[in-house]
**Student:** 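Shown below is the structure under consideration.
Atoms within a ligand are numbered from 1 in the order they appear, just like the ligands themselves. Quick caveat, the model's predicted, so the values are computed rather than measured.
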Amino acid sequence: MADRIVAARVIVTSPGRNFVTLKIETADGLSGIGDATLNGRELAVAAYLQEHLVPLLIGRDPARIEDTWQYLYRGAYWRRGPVTMTAISAVDTALWDIKAKAAGMPLYQLLGGASREHMLCYTHADGTTIEHALDVVDRHVSAGYHAIRVQAGVPGLQRIYGVHAPGAVDMDALPAEGDWDTAKYLRFAPKLFEAARLRVGEDMHLLHDTHHRLLPNEAAQLGKSLEPFNLFWLEDVTPAENQEALRHVRRHTTTPLAIGEVFNTIWDCQALITEQLIDYIRTAVVHAGGITHLRRIADLAALYGIRTGCHGAADLSPVTMAAALHFGRAIPNFGIQEYSVHPNEASEVFRWDWRLEGGYLFSGESPGLGITIDEAAAARFPYRRAYLDVNRLTDGTLWNW
Ligand code: KDG
Ligand code: MG
C-alpha cells in the first residue's frame with residue numbers, strides 16, 4: 001500500500017529573524033521540510049498553510065508531488081500571488097525532501113544528477129560611502145569570493161535600505177522609511193563602479209541591485225552608464241509588473257539584466273524570457289512554487305539562453321538554500337547563487353550539510369535536502385513582528401522599495 005502523509009506542522013521561529021517552516025511526516029516514518037518564509041508577511045503564509053493546506057495534505061500519497069502541486073494550485077481557484085505560492089512551495093519542497101530520502105539519494109540525484117560540482121555565488125558589500133563599501137569588498141576578496149554585489153550610500157540621501165543599516169532587522173518597529181532621489185543616484189552609481197572596478201581588477205565579478213527604483217528610461221540610462229565597468233548583472237532596474245517595460249531597457253544597454261526575486265510563477269516572467277529581455281532569472285524555490293515550478297521556469301529560460309541567479313538573501317531560510325543548491329547543481333542553465341550569511345542563532349535551529357568553500361557553494365550528499373529543524377530549539381526563538389522598509393522620494397511621495 002502506498003505511503004500516506006500522517007502529519008504536517010507549521011513551525012514559526014525567529015533565530016535572529018523570522019522563518020516559517022513546514023514539516024511533513026509520513027506513515028512510513030519519513031519526514032521532509034520546506035521553507036515558507038515571506039519576509040514581513042510571515043504569519044499570512046503560516047495561517048494559509050495551517051488553515052487551508054494542512055487538512056488537504058493528511059492522507060495524501062507523499063510520492064505524488066506533481067499531482068499535489070496541481071491540486072493546491074488549480075484547486076485554490078485563486079491562482080498565483082506570494083502567499084499562495086509560498087505555501088505551495090513549502091509543501092512541494094518538503095515532498096521532494098521526502099522522495100529523495102525514500103530513494104536514499106541527495107535531491108540533486110533525483111533531479112537528474114550533477115551538472116557541476118560547485119556553484120558560483122555572490123555576496124553583499126554594503127557601505128555608507130564608496131570607501132566603506134570598498135573596505136567590505138576587500139574583506140570579501142580576502143575571504144575568496146569570486147563575485148560581489150556592491151551597494152553604497154548616495155551623498156545627500158540619509159537612509160537607503162541595506163546600506164545604512166547593514167544586516168540589522170528592526171524587530172517590533174513599524175516600517176523604517178528610506179529616502180530616494182533618482183537623479184542623485186544616476187550621477188553617483190558610475191562613480192561607485194569606477195572605483196570598485198579599479199579596486200578589484202578585471203577578473204572579479206561585480207553586481208548591483210537597483211531594487212525596482214527606476215523608471216524604464218532611467219533604467220536604460222543607468223545600464224548604459226555602467227557598461228564601461230563590465231558588470232556581471234544589474235538587478236531589478238525597474239518593477240516588472242509590466243514586463244514590456246524591459247524592452248526599452250534592453251534596446252539601449254548591453255549590461256546584463258537580472259530580475260525576478262519577487263515573482264511567484266512562470267507567468268510573471270513569460271515575456272521576459274521568451275522575448276529575451278533579461279539574462280538571469282532570480283526566482284527562488286521558496287516564492288515561486290517550489291522545485292516543481294522553478295524547474296519549469298528554468299527549463300523555459302534554458303531554451304532562450306537565460307541562466308538562473310536565485311534569490312538568496314538571509315530572509316530566505318537555510319532550507320531554501322539547501323534546496324537551491326541541489327537545484328543549481330542539477331540544472332544545465334545555472335548561472336550564479338546569491339549568498340548572504342544567516343544569523344548565528346539560525347544554526348541552533350537548523351542543521352545543514354551545504355557549505356561555502358573557496359568562494360563556491362557545495363550541496364551536501366546526505367539523502368534528501370540535507371537539512372533538519374530542531375523543533376525544541378525553534379521554540380526558544382518566538383516570532384516577533386518585523387516589517388520590511390518603505391521608501392519615499394525626497395518630496396514625500398511613496399516610491400518603490
Ligand atoms: O525580503 C526582501 C529581501 O530579500 C530583498 O530586499 C533582498 O533585494 C534583495 C536581494 O537582492 O537579495
Ligand atoms: Mg534584490
Side-chain angles (χ1 to χ4, degrees), residues 14 16-20 35-45 82-83 85-86 89 121-126 133 136 140 145 147-152 159-171 175-178 180 185 189 205-214 219 222 231-240 246 256-264 268-269 272 278-288 308-321 324 335-343 346 361 385-391 399-401:
S14 190
R17 63 186 318 147
N18 291 317
F19 296 120
V20 180
D35 184 15
T37 309
L38 185 62
N39 194 1
R41 296 292 186 271
E42 296 87 356
L43 297 189
V45 184
V83 175
M85 296 310 295
T86 302
S89 299
C121 70
Y122 73 92
T123 195
H124 301 182
D126 301 323
V136 184
H140 292 329
Y145 284 99
I148 305 171
R149 189 191 84 166
V150 187
Q151 313 287 131
R159 192 179 184 286
I160 299 177
Y161 158 74
V163 169
H164 290 108
V169 182
D170 205 357
M171 296 283 191
E177 299 209 352
W180 187 250
Y185 167 74
H205 297 305
L206 293 175
L207 300 84
H208 185 59
D209 189 352
T210 309
H211 232 269
H212 313 108
R213 290 176 185 142
L214 305 183
L222 177 67
L231 263 58
F232 185 95
W233 82 29
L234 185 56
E235 179 192 340
D236 285 342
V237 276
T238 195
L246 268 295
L257 301 173
I259 205 159
E261 69 180 41
V262 300
F263 294 170
N264 317 126
D268 298 329
C269 45
L272 296 178
I278 55 172
D279 300 276
Y280 295 90
I281 180 68
R282 299 256 304 134
T283 41
V285 170
V286 59
H287 300 136
T308 62
C310 292
H311 189 200
D315 52 291
L316 285 67
S317 95
V319 181
T320 282
M321 185 56 76
I336 195 166
Q337 173 64 50
E338 182 179 16
Y339 175 65
S340 203
V341 180
H342 290 103
L361 286 164
R385 187 174 57 222
Y387 288 104
L388 285 165
D389 291 12
V390 298
N391 199 28
W399 198 238
N400 301 320
W401 177 73

**Student:** Any non-hydrogen atom of Tyr339 lying under 4.0 Å from ligand 1?
**Tutor:**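 Contact absent.
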**Student:** Considering heavy atoms of the protein only, find what lies nearest to atom 5 (C) of ligand 1 and give residue, atom and distance to 0.1 Å.
**Tutor:**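 Nearest neighbour among protein heavy atoms for atom 5 (C) of ligand 1, to 0.1 Å: Glu261 OE2, 3.4 Å.
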**Student:** Using a strict 4.0 Å threshold on nitrogen-to-oxygen distance, state whether Arg282 and Glu338 make a salt bridge.
**Tutor:**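 Glu338 and Arg282: salt-bridged.
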**Student:** Out of all atoms in ligand 1, which are within 4.0 Å of some heavy atom of Arg149? Include the element for each.
**Tutor:**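 Listed by number with element: 10 (C), 11 (O), 12 (O).
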**Student:** Counting only nitrogen or oxygen atoms and a 3.5 angstrom limit, does Asp209 reach ligand 1?
**Tutor:**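 In this structure, Asp209 places an N or O atom under 3.5 Å from an N or O of ligand 1.
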**Student:** Answer side chain, backbone, both or neither: which part of Leu388 comes under 4.0 Å from ligand 1, heavy atoms only.
**Tutor:**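 The answer is the side chain of Leu388.
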**Student:** Think Arg213 forms a cation-pi with Trp399, using NZ or CZ under 6.0 Å from the six-ring centre and within 45 degrees of its axis?
**Tutor:**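 Not flagged: Arg213 not positioned over aromatic ring of Trp399.
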**Student:** How long is the span from the CG atom in Asp315 to the CG atom in Asn18, to the nearest 0.5 Å?
**Tutor:**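 One gets 10.5 Å once the value is rounded to the nearest 0.5 Å.
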**Student:** Return the CZ to OG1 distance between Arg41 and Thr86, rounded to the nearest 0.5 Å.
**Tutor:**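 Between atom CZ of Arg41 and atom OG1 of Thr86 there are 12.5 Å.
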**Student:** To the nearest 0.5 Å, how far apart are CH2 in Trp401 and CG in Leu388?
**Tutor:**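 If I round to the nearest 0.5 Å, the distance is 4.5 Å.
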**Student:** In Å and rounded to the nearest 0.5 Å, what is the OH to CD1 distance from Tyr122 to Ile148?
**Tutor:**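 Here the interatomic distance stands at 12.5 Å.
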**Student:** Atom 12 (O) of ligand 1: which protein heavy atom is closest, and how many Å away?
**Tutor:**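 Sorting protein heavy atoms by distance from atom 12 (O) of ligand 1 puts Glu338 OE2, 2.4 Å first.
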**Student:** Would Tyr339 and Met321 count as a side chain to side chain contact (heavy atoms under 4.5 Å, CB included) here? Give the steps.
**Tutor:** CA-CA 8 Å; Tyr339 175 65; Met321 185 56 76; 3.9 Å; yes
**Student:** Tell me, please, which residues at least two apart from Tyr185 pass side chain to side chain donor-acceptor pair (under 3.5 Å).
**Tutor:**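 Result, side chain to side chain donor-acceptor pair (under 3.5 Å) vs Tyr185: His208, Thr210.
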**Student:** Under the side chain to side chain donor-acceptor pair (under 3.5 Å) test, which residues partner Asp209, sequence neighbours left out?
**Tutor:**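 Asp209 satisfies side chain to side chain donor-acceptor pair (under 3.5 Å) with Arg149 only.
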**Student:** Sort by chain and number the protein N/O/S atoms that are closer than 2.8 Å to the Mg ion (ligand 2), and list them.
**Tutor:**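 Protein N, O or S atoms closer than 2.8 Å to the Mg ion (ligand 2): Asp209 OD2, Glu235 OE2, Glu261 OE1.
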**Student:** Using a strict 4.0 Å cut-off to heavy atoms of Glu235, name the atoms of ligand 1 that fall inside it.
**Tutor:**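 With Glu235 as reference, the close atoms of ligand 1 come out as 11 (O).
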**Student:** Please identify each residue that fulfils side chain to side chain donor-acceptor pair (under 3.5 Å) with His212, with sequence neighbours left out.
**Tutor:**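 By the side chain to side chain donor-acceptor pair (under 3.5 Å) rule, His212 matches Asp236.
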**Student:** Within a distance under 4.0 Å of any heavy atom of Trp401, pick out the atoms of ligand 1 and give their elements.
**Tutor:**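 Counting atoms of ligand 1 from 1, those under 4.0 Å from Trp401 are 6 (O).
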**Student:** Out of curiosity, His287 NE2 to Cys310 SG, how far, rounded to the nearest 0.5 Å?
**Tutor:**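 It is 12.0 Å, given to the nearest 0.5 Å.
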**Student:** What protein heavy atom sits nearest atom 7 (C) of ligand 1, and how far off is it?
**Tutor:**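 That would be His311 NE2, 3.7 Å.
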**Student:** For ligand 1, which atoms sit closer than 4.0 Å to a heavy atom of Ala313?
**Tutor:**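 Counting from 1, the qualifying ligand atoms are 4 (O), 7 (C), 12 (O).
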**Student:** Measure the distance from atom 4 (O) of ligand 1 to every protein heavy atom, then report the residue, atom name and distance (to 0.1 Å) of the closest one.
**Tutor:**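 Scanning the protein heavy atoms, the shortest distance from atom 4 (O) of ligand 1 goes to Asp315 OD1, 2.7 Å.
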